[in-house]
Amino acid sequence: MTVTLADVAARAQVSPATVSRVLNGNYPVAASTRERVLRAVDELDYVLNGPASALAAATSDLVGILVNDIADPFFGIMASAIQSEIGGPGGRAGGERLAVVCNTGGSPERELTYLTLLQRQRAAAVILTGGAVEDAVHVAAVDTKLRKLADAGTRVVLCGRPPSPDAIALTFDNRGGGRQLTEHLIGLGHRRLGYIAGPEERTTTRHRLEGHRDALAAHGIEDDPKRTVWGRYDRRAGYDATLELLRRDPSLTAVVAANDTVALGACAALREAGLRIPDDVSVAGFDDLPFSIDAVPALTTVHLPLSDAGARAGRIAMGREEPPPGGIATVCGELMVRGSTGAPRE
C-alpha cells in the first residue's frame with residue numbers, strides 16, 4: 001500500500017501541513033518536530049512525489065552541476081564538494097536535493113542544452129564549474145540562459161568561472177597564480193622558459209598565460225612565441241607539446257605547464273629525451289591535484305582550494321551561506337615549491 005503524507009503526519013502526530021513544511025524546507029519548524037517528522041518518513045519509507053511537488057513550488061529538488069570532464073580531478077573534486085553541501089541534515093529526506101552532474105565535454109552546445117534542460121526541470125540551483133569559452137555569441141547565449149534561470153527562482157553560482165551578471169561568482173585568480181609560478185622560476189635563475197598552454201578558447205588558459213607573460217615582462221625577458229605551445233588539458237598534450245618545445249629550442253631550462261596533468265606528460269617527455277628533472281629542466285604545474293605531491297620528483301605547482309571553493313558554492317546555492325559582497329569573490333592560489341624545480345645548470 002502506498003504511504004501518503006497523511007500517514008506520515010499521523011505517525012509523527014503533526015498536521016499534514018507541518019510534514020509538507022519539513023519536507024519542502026520552506027518554513028521554520030521546531031527542531032523536535034522536524035526530527036519526529038523525519039523519523040516517521042524513515043520508518044514508513046515515504047517517498048515525496050517530486051513532479052507534483054515541483055509543480056506546486058517555484059523550483060524542484062534538483063541541483064545541476066555542470067563540469068567540463070568529470071574524469072578530470074579538477075572537476076571531480078569540486079563536484080564532490082558541492083554535492084556534500086546540498087543534501088538535507090544527515091542525508092535524510094527533509095530538505096534533501098538530487099544532484100545531477102552534467103558532463104559537457106567542453107562542448108559549448110552541450111553546455112547550453114544542459115542549461116535548457118535544467119530550466120525545464122525548475123532546478124533549485126545550478127552551479128557551473130571551471131573556465132568559460134571565450135566566444136562572444138556563446139557568452140551572450142549563456143548569460144541569457146542564466147538570466148532566465150534566475151528569474152524563475154533558480155540560484156545560479158559560478159565556481160572557478162568568470163563573473164556573469166545574473167550569477168554569484170567564486171572566481172580563481174589564475175592570472176596571479178601563473179605569475180607566481182614564473183616569478184619563482186625566474187628567481188631561481190631561469191631565462192629560457194617554455195610554456196604549455198591549454199585550449200586557446202578557454203578563459204582559464206588565457207588568464208594563466210597572461211600571468212606568465214606578466215612575470216616575463218616584469219623581468220625584461222622576451223616572450224618568444226616559439227616557446228609557447230597550445231594543447232588540451234591532458235597528459236598526452238603535455239607530452240607532445242614538450243617534444244615540440246625541445247625541437248624548437250633545445251636550450252630550454254624550464255617548462256611551465258597549464259595544469260598538473262599536462263605537467264606529468266611534460267615530465268615523461270623530458271625523461272624519454274634523456275633529461276633529468278630538475279637538474280637539466282625544471283617543470284611546474286598548476287592546481288595542486290592530489291597526485292602532484294606523489295610525482296617523482298614532486299611537482300612545484302599552485303594550490304587551488306578546489307574542495308573548499310566547491311563546498312562554499314554548494315552552501316551558497318542552498319542558501320546556507322551569504323553570497324560574497326557584490327556577488328563576486330576571488331579565490332587565490334598558493335605557490336607550492338617542491339622537487340621538480342631548481343636552479344638551471346650553467
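Numbers for residues simply follow the sequence, beginning at 1.
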**Taking every non-hydrogen atom, the tightest pair across A258 and Y233** = CB-CE2, 3.5 Å

**Item:** Side chains of V331 and P305 in contact at under 4.5 Å (non-hydrogen atoms)
**Value:** yes

**Prompt:** Between R202 and E134, is a salt bridge (Lys or Arg N to Asp or Glu O under 4.0 Å) present by the stated rule, with each step listed?
**Reply:** CA-CA 6 Å; R202 310 300 298 191; E134 294 201 297; over 6 Å; no

**R36 side chain vs A12 backbone, donor-acceptor pair below 3.5 Å** = yes

**Asked** So, the side chain of T242 versus the backbone of G238: is there a donor-acceptor pair under 3.5 Å, distance only?
**Response** yes

**Request:** Count the heavy atoms of every other residue, nucleotide or ligand shown that sit under 6.0 Å from CD of Q13, and state whether that count exceeds 12.
**Result:** no

**Request:** Using atom types as modelled and distance alone, determine if a side-chain donor or acceptor of R161 lies under 3.5 Å from a backbone N or O of A132.
**Result:** no

**Asked** For A197, does its backbone N or O pair with a side-chain atom of H212 as donor and acceptor, under 3.5 Å?
**Response** no

**Request:** Determine the minimum heavy-atom distance between R179 and A218, stating which atoms define it.
**Result:** NH2-CB, 3.4 Å

**Side-chain H-bond candidate by donor/acceptor type, T18 with S15, under 3.5 Å** = yes

**Request:** I would like to know whether T113 and T116 meet side chain to side chain donor-acceptor pair (under 3.5 Å); could you show each step before the answer?
**Result:** CA-CA 5 Å; T113 297; T116 298; over 6 Å; no

**Item:** Donor on one side chain, acceptor on other, T300 and T341, under 3.5 Å
**Value:** yes

**Message:** Less than 4.5 Å apart, side chain to side chain, heavy atoms only: is that true for V337 and H184?
**Reply:** yes

**Message:** Quick one: does any side-chain atom of S292 pair with a main-chain N or O of L289 as donor and acceptor, under 3.5 Å?
**Reply:** yes

**Message:** Quick check against the 3.5 Å criterion: does S164 have a side-chain atom that pairs as donor or acceptor with the backbone of D143?
**Reply:** no

**Asked** Taking all non-hydrogen atoms of both residues, which atom of V29 and which atom of R34 are closest, and how far apart?
**Response** CG1-N, 3.9 Å

**Request:** For C267 and V283, work out which heavy atoms get closest and say how close.
**Result:** SG-CG1, 3.9 Å

**Request:** Evaluate the side-chain proximity of P324 to I168: yes if any heavy-atom separation is below 4.5 Å, no if none is.
**Result:** yes

**Heavy-atom side-chain contact between L252 and L193 under 4.5 Å** = no

**Request:** State, yes or no, whether a side-chain contact exists between L158 and T171 at a heavy-atom distance under 4.5 Å.
**Result:** no

**Prompt:** Would you say the side chain of V156 lies within less than 4.5 Å of the side chain of D166, judging by non-hydrogen atoms?
**Reply:** no

**Request:** Please determine if R208 forms a cation-pi arrangement with F286, meaning its NZ or CZ atom is less than 6.0 Å from the six-membered ring centre and no more than 45° off the ring axis.
**Result:** yes

**Asked** Any side-chain heavy atom of V255 sitting closer than 4.5 Å to one from V281?
**Response** yes

**Request:** Could you tell me whether a side-chain N or O of D7 sits under 3.5 Å from a main-chain N or O of T4, the two making a donor and an acceptor?
**Result:** yes

**Asked** Under 3.5 Å, is there a donor-acceptor pair linking the side chains of H138 and E109?
**Response** no

**Complete:** Heavy-atom nearest pair, L66 first then T129, reads O-OG1, 2.8 Å

**Asked** Does a side chain donor of either N174 or H207 reach within less than 3.5 Å of an acceptor in the other side chain?
**Response** no

**Message:** Quick one, R155 with E321, criterion salt bridge (Lys or Arg N to Asp or Glu O under 4.0 Å). Give me CA distance, side-chain angles, the key distance, then yes/no.
**Reply:** CA-CA 12 Å; R155 283 178 175 260; E321 180 174 324; over 6 Å; no

**Prompt:** Ion pair present between R147 and D151, side-chain N to carboxylate O less than 4.0 angstrom?
**Reply:** no

**Prompt:** To the nearest 0.5 Å, how far apart are CZ in R191 and CD1 in I221?
**Reply:** 4.5 Å

**Item:** Side-chain donor-acceptor pair present, T301, D260, cut-off under 3.5 Å
**Value:** yes

**Asked** If you draw a 6.0 Å radius around CD1 in I293, do more than 12 non-hydrogen atoms from other residues or ligands fall strictly inside?
**Response** no

**Item:** Polar side-chain atom of D288 near backbone of L304 as donor-acceptor pair, under 3.5 Å
**Value:** no

**Prompt:** When you check the gap from the basic side-chain N to the acidic O, do D234 and R232 get nearer than 4.0 Å?
**Reply:** yes

**Request:** Of all the heavy-atom pairs spanning V157 and A313, show the shortest one and how long it is.
**Result:** CG1-CB, 3.9 Å

**Request:** Begin from the C-alpha positions of M318 and R97 and carry the test side chain to side chain contact (heavy atoms under 4.5 Å, CB included) through to its verdict.
**Result:** CA-CA 9 Å; M318 293 296 96; R97 298 291 186 269; 3.7 Å; yes

**Item:** Side chain to side chain, E111 and V142, heavy atoms closer than 4.5 Å
**Value:** yes

**Prompt:** What's the verdict on salt bridge (Lys or Arg N to Asp or Glu O under 4.0 Å) for R192 and D249, showing C-alpha distance, side-chain angles and the deciding distance?
**Reply:** CA-CA 9 Å; R192 298 185 299 279; D249 186 356; 5.5 Å; no

**Asked** Yes or no on salt bridge (Lys or Arg N to Asp or Glu O under 4.0 Å) for R213 and E210, after CA distance, side-chain angles and deciding distance?
**Response** CA-CA 5 Å; R213 288 172 169 168; E210 285 175 351; over 6 Å; no

